[in-house]
**Q** 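Got a structure for you, written out below as structure tokens; questions coming shortly.
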Amino acid sequence: MSTFQHIKGTFDILPDAYTIGNTRIAASHEWRHVETVLHEVMTRHNLEEIRTPMLEPTELVARGVGEHTDIVSKEMFAFERRGTNYVLRPEITAPVTRAFLEHHLEQRGGVQKLFYIGPCFRAEQPQKGRYRQFHQFGVEIIGATDPRADAETIATMIAVYRAFGLTGARLRINTLGEPEHRAAFRDALVDYLTPYKDELSETSQRRLDTNPLRLLDTKVEHERALLNDAPTLLDHVDAEALAHYDAVKQLLKSLDIAFEEDPMLVRGLDYYSHTAFELEHDALGAQSALAGGGRYDGLAPALGHDGPLPACGFAAGMERLFLALDAIDYDYPVPETPRVFFAALGEDAEAWVFKTVHDLRQQGIHAAHDLKGRSLKAQMREANRQDAPYTVIIGGNELADGAAQVKTMATGEQTAVSFQDLANYLSTPPAA
RNA sequence: GUGAUCGUAGCUCAGUUGGUUAGAGCGCCAGGUUGUGGUCCUGGAGGCCGAGGGUUCAAAUCCCUCCGGUCACCCCA
């Protein structure tokens, strides 16, 4: 063991899967497979990829996500260097919006449908399904107020999990209305709860001051009872917002997407308005949220954009997705193995093998050989471990004959193949 | 930041009321075959028992402190 180890809340993705705590860390090829499926689903939904830097101006996140959110107030990896304030992005919606505005993507015409995938950073206390460096993928549909944009965002999110055969996720939706609706509701809620302040738990009392809307998902029994008679968000939303919400619900029904309305659903980040939604799964431990999102028409103005810019999207956690896949024992495809392993006996054979392996690789054949000068037995073991369907054995006899011994590992059969025919012979795997 | 819990081989874990030289399975390496894998047999390497201090004739085991991990609260993906 070296004197160094990975930073708290981060993890390495290795060629093989391993476990940390009770959590399985998927192998690198499994990550790649999941990413491939994601790309496929996104492309099918006519989304284009956008990649933005992991480093952003701190001010972008502060303004975009909201000064008084947990993320900004206590969870940012931020630092100053030569007078510039940098932050490792804690989420990707604000950066994408920044890039959209900076590069005038609206000039591409029509509605911009973007997706992203990449690491994010938050300085939280790590636990199952939650890391300081984690990975999000998500969608941003920018430029459309139409409720179909909301519904399509949700449909795309659902399609991702469906593509993995994942069931048992619950979709909850709500409307937050316009920011002023939410503000009015928040005031009404505070007015209602303040007389009961002494009955509230310590954390709920604190929330009453800092983030009253979060009180809505308290788990304390008598607080829930109190909330039954509390004012509701829907009472403070105007007719136009309700019409938008109704349209989204109708569209979801038309797609046979099941959902439950949850008037208590609020989202943590400042930029949301109107549609809000969350996808949950029971199998994830304390972190039940698979993905969440909504409409965020107010974000671009908050970033200094002149005039409104309608947008909606979702963000999903890769680690949460893996957790859900573990729960259903998801069958990952097996990684590609070498087509052929070359075993060499003696220095002349090693030289020939070294050159031949190189040539075959140039021709597109996945070829492997030993780099330790080990015994034939050890090389055969290695060939077996690497699961190559063919093993080629080269020694003095083969060099003299100009023909390789080619062993088909599954059957144990072995035949001589002339050097000239070797590439062609190896170009197809053995018949099953 | 708070709480609970756990640190023994690369991995998963045994280790008795404190008692010789700390074990197993898997994995790794090698041999059993002049140049042949998987199964089988045999052998080997690999441990500051998380660190420091204390109690004791004697500590992986008991006590204290620290460090690290995990899980949970909070919040979120």
Side-chain angles (χ1 to χ4, degrees), chain A residues 1 5-9 11 14 16-23 65 69-75 89-93 117-138 157 201-204 206-207 210-211 213-214 217-220 266-269 278-281 284-293 313-324 341 343-346 349 370 372 374-399 405-414:
Chain A
M1 213 220 295
Q5 56 181 282
H6 68 271
I7 282 171
K8 184 191 189 73
F11 57 90
L14 306 178
D16 290 319
Y18 66 103
T19 60
I20 142 173
N22 284 325
T23 306
V65 176
T69 58
D70 279 15
I71 290 180
V72 171
S73 63
K74 56 183 188 190
E75 295 172 1
R89 65 182 182 196
E91 54 96 63
I92 305 187
T93 297
I117 175 168
C120 296
F121 304 83
R122 292 183 198 174
E124 294 185 277
Q125 206 54 242
Q127 65 191 69
K128 187 181 180 71
R130 188 166 79 190
Y131 302 90
R132 288 186 169 176
Q133 176 176 342
F134 59 105
H135 301 77
Q136 283 194 342
F137 63 92
M157 179 180 79
S201 65
E202 198 178 321
T203 56
S204 289
R206 199 174 60 244
R207 285 169 169 180
T210 58
N211 199 349
L213 296 189
R214 291 246 66 100
D217 46 33
T218 178
K219 285 148 199 155
V220 181
V266 292
R267 308 237 70 233
L269 313 189
E278 221 168 89
L279 192 68
E280 289 187 322
H281 196 97
L284 309 193
Q287 266 56 50
S288 58
L290 226 37
F314 76 82
M318 288 287 282
E319 289 78 8
R320 307 279 168 91
L321 171 55
F322 277 109
L323 240 28
F341 188 97
L345 279 147
D370 178 57
K372 289 177 81 172
R374 293 191 285 179
S375 68
L376 180 62
K377 185 190 180 87
Q379 292 183 69
M380 292 302 292
R381 260 203 302 272
E382 188 63 27
N384 186 64
R385 193 193 347 266
Q386 294 199 24
D387 208 20
Y390 293 117
T391 297
V392 171
I393 297 154
I394 302 291
N397 298 339
E398 286 71 24
L399 289 179
Q405 286 295 318
V406 180
K407 182 167 184 172
T408 301
M409 296 298 270
T411 61
E413 287 165 25
Q414 192 167 312

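Numbers restart at 1 for each chain; the letters A, B, ... are given by sequence-line order, proteins then strands.
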**Q** Just to be sure I understand the rule, does A:I71 reach a base, reach only the sugar-phosphate, or reach nothing, if contact means heavy atoms closer than 4.0 Å?
**A** nothing
**Q** Check for me whether the distance between the ring centres of A:Y390 and A:F341 falls short of 6.0 Å.
**A** no
**Q** Hey, does A:Q379 reach any base, or is it just sugar-phosphate, or nothing, if we go heavy atoms under 4.0 Å?
**A** nothing
**Q** Counting the atoms with a prime plus P, OP1 and OP2 as sugar-phosphate, which does A:A383 contact under 4.0 Å by heavy atoms, base, sugar-phosphate, or nothing?
**A** nothing
**Q** Once you round it to whole Å, what is the distance between C1' of B:rC29 and CG of A:L376?
**A** 17 Å
**Q** The side chain of A:K74 is closest to which nucleotide in this list: B:rC74, B:rA77, B:rG35?
**A** B:rC74
**Q** Can you check nucleotides 3-6 of chain B for protein contacts, nitrogen or oxygen pairs under 3.5 Å, and list what you find?
**A**
none

**Q** Can you list every salt bridge (Lys or Arg N to Asp or Glu O under 4.0 Å) pair that touches residues 124-134 of chain A, not counting sequence neighbours?
**A**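 Residue pairs with at least one partner in residues 124-134 of chain A: A:E124-A:R130.
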**Q** Do A:R374 and A:R381 have side chains that approach each other closer than 4.5 Å (heavy atoms only, starting at C-beta)?
**A**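 No, every pair of side-chain atoms sits at 4.5 Å or beyond.
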**Q** Which listed nucleotide (B:rU36, B:rA77, B:rA72) is nearest to the side chain of A:K128?
**A**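 My answer, after comparing the listed nucleotides, is B:rA72.
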**Q** Which part of the nucleic acid, if any, lies within reach of A:A410 when heavy atoms closer than 4.0 Å are counted: base, sugar-phosphate only, or nothing?
**A** base
**Q** Looking at B:rA77, B:rG38, B:rG35, which one has an atom nearest to any side-chain atom of A:N384?
**A** B:rG38
**Q** What interatomic distance, in whole Å, is found between C1' of B:rC73 and the corresponding atom of B:rU12?
**A** 30 Å
**Q** What I want to check is whether an N or O donor and acceptor connect the side chain of A:E124 with the base of B:rA77 at under 3.5 Å.
**A** yes
**Q** Name the pairing partner of B:rC26, where a pair is Watson-Crick or G-U wobble with both distances under 3.5 Å, or state none.
**A** B:rG10
**Q** Using a cut-off of 4.0 Å on non-hydrogen atoms, how would the nucleic acid contact of A:T391 be classed: base, sugar-phosphate, or nothing?
**A** nothing
**Q** Counting Watson-Crick and G-U wobble pairs only, both distances under 3.5 Å, name the nucleotide matched with B:rU33, or none.
**A**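 Result: none.
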**Q** Across the strands shown, which category fits A:K8 at heavy-atom distances under 4.0 angstrom: base, sugar-phosphate, nothing?
**A**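 A:K8: backbone/sugar contact only, no base atoms under 4.0 Å.
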**Q** If you look at every strand shown and take non-hydrogen atoms under 4.0 Å, does A:L321 touch a base, only sugar-phosphate, or nothing?
**A** nothing
**Q** With heavy atoms under 4.0 Å as the rule, sort A:Q386 into base, sugar-phosphate or nothing.
**A**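 Nothing, no heavy atom under 4.0 Å.
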**Q** Give one of base, sugar-phosphate or nothing for A:G138, where a contact means two heavy atoms less than 4.0 Å apart.
**A** nothing
**Q** Is the shortest side-chain N/O distance from A:R385 to OP1 or OP2 of B:rG27 below 4.0 Å?
**A**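 Answer no for this pair, as no side-chain N or O of A:R385 is under 4.0 Å from OP1 or OP2.
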**Q** Taking any strand in view, what nucleotide pairs with B:rU70 in a Watson-Crick or G-U wobble way, both distances under 3.5 Å?
**A**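 Checking every strand shown, B:rU70 finds its partner in B:rA4, with both distances under 3.5 Å.
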**Q** Given the structure, check if the side chain of A:Q414 and the base of B:rU36 hold any donor-acceptor pair shorter than 3.5 Å.
**A** yes
**Q** Which atoms of nucleotides 30-34 of chain B (N or O only) lie under 3.5 Å from a protein N or O atom, and what are those distances?
**A**
| residue | atom | partner | partner atom | Å |
| --- | --- | --- | --- | --- |
| B:rA30 | OP2 | A:R381 | NH2 | 2.6 |
| B:rG32 | N7 | A:K377 | NZ | 3.4 |

**Q** Roughly how far, to the nearest 0.5 Å, is the CG atom of A:L290 from the CD atom of A:E280?
**A** 9.5 Å
**Q** Any donor-acceptor pair under 3.5 Å joining the side chain of A:R130 to the base of B:rA77?
**A** no
**Q** Once rounded to the nearest 0.5 Å, what's the spacing between atom OG1 of A:T391 and atom CD of A:Q379?
**A**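 Between A:T391 OG1 and A:Q379 CD, I get 10.0 Å after rounding to 0.5 Å.
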**Q** Paired with B:rU65: which nucleotide, if any, by Watson-Crick or G-U wobble criteria at under 3.5 Å for both distances?
**A**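 Checking every strand shown, B:rU65 finds its partner in B:rA51, with both distances under 3.5 Å.
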**Q** If pairing requires Watson-Crick or G-U wobble contacts with both distances under 3.5 Å, which nucleotide is the partner of B:rU16?
**A** none
**Q** For a quick test of reading the model: is some side-chain N or O of A:Q127 closer than 4.0 Å to OP1 or OP2 of B:rC71?
**A**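 No, outside the criterion.
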**Q** At under 4.0 Å between heavy atoms, what does A:Y131 touch on the DNA or RNA strands: base, sugar-phosphate, or nothing?
**A** base
